[in-house]
Amino acid sequence: MKYTSAEAAKLLRSLNEKLDALAEKEKKSETFLASVGEDIEAVRPVYNYKEVREEKNAIEAKIRDLKHAINVFNVTHEVPGFDMTVDQMLVFIPQLNARKARLAEMKSRLPKERENSGYNRSNIIDYRYINYEISAVESDYQKVSETLSRAQTALDVVNNSEIMDIEIDL
C-alpha cells in the first residue's frame, strides 16, 4: 500500500497502541485470584498463552516492517530547500530549537545586571556584564527562528505529500 510519512506514523502509533492494549489485557488475565473453597474454573479469565504470544509476535513484525520502511524513506528522501535527507532534518530541527532557546536567553539579558549572591554580606556590589553584542544575538535569533520555521514547514510538506510503498498486511 502507499502511505505518506504522516500516515505511516499514524499507522505505527496505532500498532503500538494495539500492542500495548494486548499486553495490558495479558497482564490482567495471565494470573488470577480465587478464594479457598471457590470454584476456580468459574473465576478463571479467558487466556491462551500461545495465542497471545502469536498475536504479539505478528504485531511486532508489522511494527518492525513499518519502522524499516519509514527509516528507508527518511534516509533516501531529501527535504527541498535544505540539501538534507529527512533523517538529517530530524536531527537539525532539535538543534535549531536548542540554538533558538540559547539565543533567546542571551538576547533577554541586560548589558549590565546586578549580581545577587545571597551569602555576600559585604558592601561590595557585583555586576555581571555581557561580553557580546546584543544586536548580533538578536540578528542570529531572527535567522534561526526563520530557518526553524522553514525547516518545520518543509518537513511537514514532505511528510504529508511524498508517498512511500509499504508492504504490510493489516
Side-chain angles (χ1 to χ4, degrees), residues 2-31 56 59-166 168:
K2 302 210 179 284
Y3 296 93
T4 64
S5 187
E7 291 168 333
K10 287 177 184 167
L11 179 57
L12 180 60
R13 187 170 33 259
S14 173
L15 287 170
N16 278 313
E17 287 170 356
K18 190 174 182 180
L19 186 62
D20 290 344
L22 185 59
E24 189 60 32
K25 276 176 143 176
E26 181 180 40
K27 192 174 180 180
K28 290 178 179 178
S29 60
E30 68 188 358
T31 64
K56 280 177 131 180
I59 295 170
E60 288 170 346
K62 290 176 187 178
I63 289 170
R64 282 191 307 275
D65 291 345
L66 185 55
K67 279 189 171 187
H68 176 70
I70 292 169
N71 289 339
V72 168
F73 176 86
N74 287 348
V75 298
T76 59
H77 282 73
E78 284 208 9
V79 178
F82 283 89
D83 194 32
M84 289 185 210
T85 59
V86 172
D87 72 315
Q88 290 172 312
M89 285 294 282
L90 292 173
V91 174
F92 184 54
I93 288 174
Q95 289 172 335
L96 288 173
N97 276 318
R99 190 177 309 160
K100 182 181 174 185
R102 178 73 176 119
L103 290 169
E105 178 186 330
M106 290 177 74
K107 79 181 189 99
S108 69
R109 288 198 181 114
L110 297 174
K112 173 183 172 182
E113 292 182 62
R114 184 172 182 168
E115 187 75 17
N116 291 324
S117 57
Y119 53 86
N120 185 359
R121 301 212 186 275
S122 72
N123 291 333
I124 300 172
I125 298 172
D126 290 328
Y127 287 93
R128 181 170 301 276
Y129 297 87
I130 62 169
N131 198 20
Y132 53 88
E133 295 293 324
I134 286 187
S135 60
V137 171
E138 289 172 340
S139 176
D140 284 350
Y141 178 86
Q142 188 63 34
K143 289 174 190 169
V144 167
S145 292
E146 290 169 4
T147 302
L148 178 60
S149 181
R150 283 189 318 103
Q152 290 169 329
T153 300
L155 186 58
D156 287 346
V157 168
V158 169
N159 284 337
N160 288 297
S161 63
E162 296 287 325
I163 302 293
M164 67 178 91
D165 201 15
I166 302 173
I168 186 172

message: Go through it in stages, so that I can follow the logic: the residues are R128 and E115, the test is salt bridge (charged side-chain N to carboxylate O under 4.0 Å, His left out), and I'd like the CA-CA distance, side-chain angles, deciding distance and then a yes or no.
response: CA-CA 6 Å; R128 181 170 301 276; E115 187 75 17; 2.9 Å; yes
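- Side-chain atoms of Q142 never come within 3.5 Å of backbone atoms of S139 as a donor-acceptor pair (strictly under, hydrogens ignored).
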message: Checking I130 against L110 for the side-chain contact (heavy atoms from CB on, under 4.5 Å) test, could you report, in this order, the C-alpha distance in whole Å, the side-chain angles of both residues, the deciding distance, and whether it holds?
response: CA-CA 7 Å; I130 62 169; L110 297 174; over 6 Å; no
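- To the nearest 0.5 angstrom, K143 atom NZ is 16.0 Å from L148 atom CG.
- Put simply, OG1 on T4 and CD on E7 are 3.5 Å apart, with the number rounded to the nearest 0.5 Å.
- Within a 6.0 Å radius of CG in D83, no more than 12 heavy atoms belonging to other residues, nucleotides or ligands are found.
- Contact between I59 and L15 at its shortest, heavy atoms only, is CG2-O, 3.7 Å.
- Heavy atoms only, all atoms of each residue included: K56 and L22 are closest at CG-CD2, 3.4 Å.
- Across A154 and P80, no two heavy atoms sit closer than the pair CB-O, 4.0 Å.
- Remark: side-chain polar atoms of S14 are not paired, donor with acceptor, to backbone N or O of K10 under 3.5 angstrom.
- Two residues are said to be in side-chain contact when any heavy atoms from C-beta on lie closer than 4.5 Å; L19 and E60 meet this criterion.
- In terms of heavy atoms, I163 sits closest to K2 at CG2-CB, 3.5 Å.
- Every pair passing side chain to side chain donor-acceptor pair (under 3.5 Å) that includes a residue from residues 149-162 is listed here, sequence neighbours excluded: S5-N159.
- Note that CD of Q95 is 12.5 Å distant from OG1 of T147, once rounded to the nearest 0.5 Å.
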Worked verdict on E105 versus R109 for salt bridge (charged side-chain N to carboxylate O under 4.0 Å, His left out): CA-CA 7 Å; E105 178 186 330; R109 288 198 181 114; 3.0 Å; yes
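- A 6.0 Å sphere centred on CD of E146 holds more than 12 heavy atoms belonging to other residues, nucleotides or ligands.
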field: CA sep, side-chain torsions, deciding dist, call: F92, D87, side-chain contact (heavy atoms from CB on, under 4.5 Å)
entry: CA-CA 9 Å; F92 184 54; D87 72 315; over 6 Å; no
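- Stacking of K112 on the aromatic ring of Y127 is recorded, both the 6.0 Å distance cut-off and the 45° axial limit being met.
- Side-chain atoms of Y141 do not come within 3.5 Å of backbone N or O of M106 as any donor-acceptor pair.
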All N/O donor-acceptor pairs, side-chain side in residues 63-76, below 3.5 Å, sequence neighbours left out:
| unit_1 | atom_1 | unit_2 | atom_2 | d |
| --- | --- | --- | --- | --- |
| N71 | ND2 | K67 | O | 3.3 |
| T76 | OG1 | V72 | O | 2.7 |
| T76 | OG1 | F73 | O | 3.4 |

message: Is there a side-chain contact (heavy atoms from CB on, under 4.5 Å) between H77 and T85? Walk through the geometry before answering.
response: CA-CA 5 Å; H77 282 73; T85 59; over 6 Å; no
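- With a 4.5 Å cut-off on side-chain heavy atoms, I166 and L11 do not count as touching.
- A distance of 8.0 Å separates CD1 in I93 from CG in N97, rounded to the nearest 0.5 Å.
- When all heavy atoms of I134 and K107 are compared, the closest pair comes out as CG2-O, 4.4 Å.
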